[in-house]
Participant: 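For reference, the structure I am asking about is given below.
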Amino acid sequence: MNITDNKTTQMTGLEYYRLFIKKMVILLVIFSLVPLLLINTVLRHYFLSSYSDKVMEHMTELIQKHKQNIDNFLQERLNNIRVLASSNSMEQLTNEDFLKKNLDILQKEYDNAFVDLGIVDINGIQIAYAGKYKLVSANYKDSTWFNQALKSKYYISDVFLGLRGQPHFIVAVKKQWNNKDYIIRATIDFNTFNSMVEKIRIGATGFAFIVNKTGQLQTRNMYNLQTINGTSVLDFLNKIDLQKEDVHAVQNLQYRGKEFIFFIVSLKEGQWRLIFQQEQGDAFSELYKARQMGIIILLCGSIGVILIYYLMSRKMIRFIELSEQQREKMNEQLIESGKLASIGELAAGIAHEINNPVAIMVEEAGWIQDLLKEEDFKDSENVQEFSRSLLQIKLQGMRCKDITFKLLSFARKTDPRAVKTQINDLIEEIVKLSKQRAKYSHIEIKTEFEQDLPELMASPSELQQVFLNLFNNAIDAIGTANDEGMVSIVTKRTGDTVLISFSDNGQGIPKSNIARIFDPFFTTKPIGKGTGIGLSICHGIIKKLGGDITVSSEVGIGTTFELTIPLFLEKDTETPLFKEL
Amino acid sequence: MSTSRLSEQITILIVDDETAITELMAARFLTRNFNVFKANNGNDALDVLNKNNMIDVVILDVKMPGLDGLETLKLIKEQHPLVEVIMLTGFPTVKDAIDSMKLGAYDYLKKVVDFEQLLTMIKLASDKKLKHDKKIIEAKNL
């Protein structure tokens, strides 16, 4: 594989993290959703089955109740006729006025459920009749109901059209009179019976109807029942084997593009069947609503979980990206500072090594100068030129010294660790250190320290650097011209900050330079005397401590540098540097 | 321990691992009527001090092989507390300067030093020593 391939196939750190986070998110999603789905599925299953059982139970109860009502209705109508037959003699019953009177009573009492009453002899001839039709002497000899009625003591017929051409059914009681069988019959109004069945409505699509043993409808059916797999629905339902009192349920029966549920129960001692049908969606509508709600909640929950993980992963990737960027930046800075450090170390080495030879050169020049003062050379022709030249060597040697010291101070490592530092002690040390130099330059040092000044969290070596820089600048500013030079150092606490001021009565800084005084490499000192990094470093150190450094100066009067450094009391455990991070 | 000085002639000890520097400086100080001793390391310097009790001021280099300047300073101040020591270095640091002052150095100067400044410092240091010496003599006479 060549280098280009390597570049394309090699995964960068960021890509690796992205892939890692993606995998992590997928795993988290799986591990979050799988239990959620499992719990949902299990709960859903138990809820659906129990709720479904409840619905079925409830409907079964309802159907049972309706079956009871219908059976009661038929039995009561039969009982009405039985009472009529048993409590009255045939002479009375064959009396049409008597019959009519009883019909009126029955119609009044049972809400026109009875259409007519009639007495039929063994030959099928209706010998007495009360009702709205003219059916006296009607011959029922060939009628199914008549023949069936003769076979048992009581009989309720199927619905049929009969002689009147209207759907109705017969309730008949057999009674003997003079050793002859007579049938006392009553016609039950189809509409009354039918409306009773039609009233069995559950939901929007649930209704009931009755069929007889051969599958013929005994009441009106609202739907035109069709066929399922080539078999008529009625036939299919009729073929179902029924226990006497049990309600049989058929679920999930599909026809006409819908699922239906059927409840079948026997009526009239197995002669009829009450069939209740309802669209399954309607029967279980509440259940389906709950199921849909469960699915919606599950979906919303899943989407929520995925969304949260997605957003979280994006945030993490963003965070890692930022970290990576910062890391790269820091790496670059590290490399840069490493380079600088190497250069600095090199410079320091060179500076140190150069100092001694330069010192020797300068000393040699001084020695020659000393020698020139001897008598033998005093009158020499070129003595003045020698002196000038030697002075130049000394001056240039001193210039070399200044340059090498600047290099050394640039390369010098300071310990940036923040520790509890007493400012007064630190300044005291600097003053002590520079006392001789000040004395040599006829400069008086005045200090005014606030006693019990709290300690600061700062790097002592960095602060030393700052104070020494400011102190040296003050001494340089006064120079040797001023015989009454004075440097004043004041420390005091103002609220939550410590104020340190370095004032001198030196030459002052022109206004035009004040704005640039903290700029790196800005200097007003002669070439070779200043590098312009001292105040810039001071500014950086004080800013890092969360403080500030300001300057006020007047040409000819003097300059004051004021440092304000915030105090970080015991409760603040972090240095400002950490806070920034 | 050095004894007190009564004459005006100042005796100095120049300690530097660079022989050229010790030689040159010695020559220059000699022309200025100084009494001069030389040493090229810390141990030699201590030997010279032990053998000559008239030394007023030591000009001591900081970076030297063997005993460095600070260690030598410490030993000098332990054995000859009245002798004044001026540190002279080509590799100055604030820490070294402060440590030197704490150990009792009279001053801390940077190479290349202005000879006139050095002379002034030596005179100031020897005056200080002279005052001490006088006080000791007075104390002895009491």
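A note on names: the letters A, B, ... follow the listed sequences, proteins ahead of strands, and every chain is numbered from 1.
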Participant: Would you say B:Ile12 and B:Asn35 make side-chain contact, with heavy atoms under 4.5 Å?
Facilitator: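 Not touching, per the 4.5 Å side-chain cut-off.
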Participant: Pick whichever of A:Ala359, A:Gly397, A:Cys400 has the most heavy-atom pairs under 4.5 Å with chain B.
Facilitator: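 Maximum pair count with chain B is reached by A:Ala359.
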Participant: Would you mind checking which part of B:Lys63 comes under 4.5 Å of any heavy atom in chain A, side chain (CB onward), backbone (N, CA, C, O), both or neither?
Facilitator: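 Contact with chain A: side chain only.
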Participant: Counting only non-hydrogen atoms closer than 4.5 Å, does B:Glu23 touch chain A with its backbone (N, CA, C, O), its side chain (CB onward), both, or neither?
Facilitator: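 Contact with chain A: none, neither part.
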Participant: Considering only heavy atoms from C-beta outward, does the side chain of A:Leu563 approach that of A:Leu499 to under 4.5 Å?
Facilitator: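 Side-chain contact under 4.5 Å: no.
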Participant: Are A:Ile393 and A:Ile368 close enough that some pair of their side-chain heavy atoms sits under 4.5 Å apart?
Facilitator: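 Result no, sub-4.5 Å side-chain heavy-atom pair not found.
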Participant: Would you mind telling me which of A:Asn356, A:Val362, A:Val358 has the largest number of heavy-atom pairs within less than 4.5 Å of chain B?
Facilitator: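 Answer, by heavy-atom pair count under 4.5 Å with chain B: A:Asn356.
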Participant: Relative to chain A, which segment of B:Asp61 carries a heavy atom at a distance below 4.5 Å: side chain, backbone, both, or neither?
Facilitator: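 Neither the backbone nor the side chain of B:Asp61 comes within 4.5 Å of chain A.
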Participant: Under the 3.5 angstrom rule, does the side chain of A:Asn355 hit a backbone N or O of B:Gly90 as a donor-acceptor pair?
Facilitator: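 Here the side-chain-to-backbone pair exists.
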Participant: Identify whether the distance between the nearest side-chain nitrogen and carboxylate oxygen of A:Arg388 and A:Glu385 falls below 4.0 Å.
Facilitator: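 Yes, this pair counts.
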Participant: Using a cut-off of under 4.5 Å for heavy-atom pairs, which of B:Met121, B:Met25, B:Lys102 has the most such pairs with chain A?
Facilitator: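 Of the options given, most contacts go to B:Met121.
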Participant: Heavy-atom distance under 4.5 Å to chain A: side chain of B:Thr89, backbone, both or neither?
Facilitator: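 Interface part for B:Thr89: backbone (N, CA, C, O).
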Participant: Under the ring pair (Phe, Tyr, Trp, His ring centres under 6.0 Å) rule, what pairs show up with a residue in residues 93-127 of chain B, not counting sequence neighbours?
Facilitator: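 As it turns out, the ring pair (Phe, Tyr, Trp, His ring centres under 6.0 Å) pairs with a partner in residues 93-127 of chain B, which skip direct neighbours, are B:Phe29-B:Phe115.
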Participant: With a 4.5 angstrom heavy-atom cut-off, which part of A:Gln464 approaches chain B: side chain, backbone, both or neither?
Facilitator: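 When you check distances to chain B, only side chain atoms of A:Gln464 fall under 4.5 Å.
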Participant: Side chains of B:Val57 and B:Ile86, heavy atoms from C-beta outward: is any pair under 4.5 Å?
Facilitator: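 Answer yes - side chains close enough.
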Participant: Does any heavy atom of chain B fall under 4.5 Å from the side chain of A:Leu468, the backbone, both, or neither of them?
Facilitator: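 Looking at A:Leu468, just its side chain touches chain B.
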Participant: Against chain A, work out which of B:Glu18, B:Arg32, B:Lys95, B:Gln117 has the most heavy-atom pairs shorter than 4.5 Å and name it.
Facilitator: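 Most pairs with chain A among the choices: B:Gln117.
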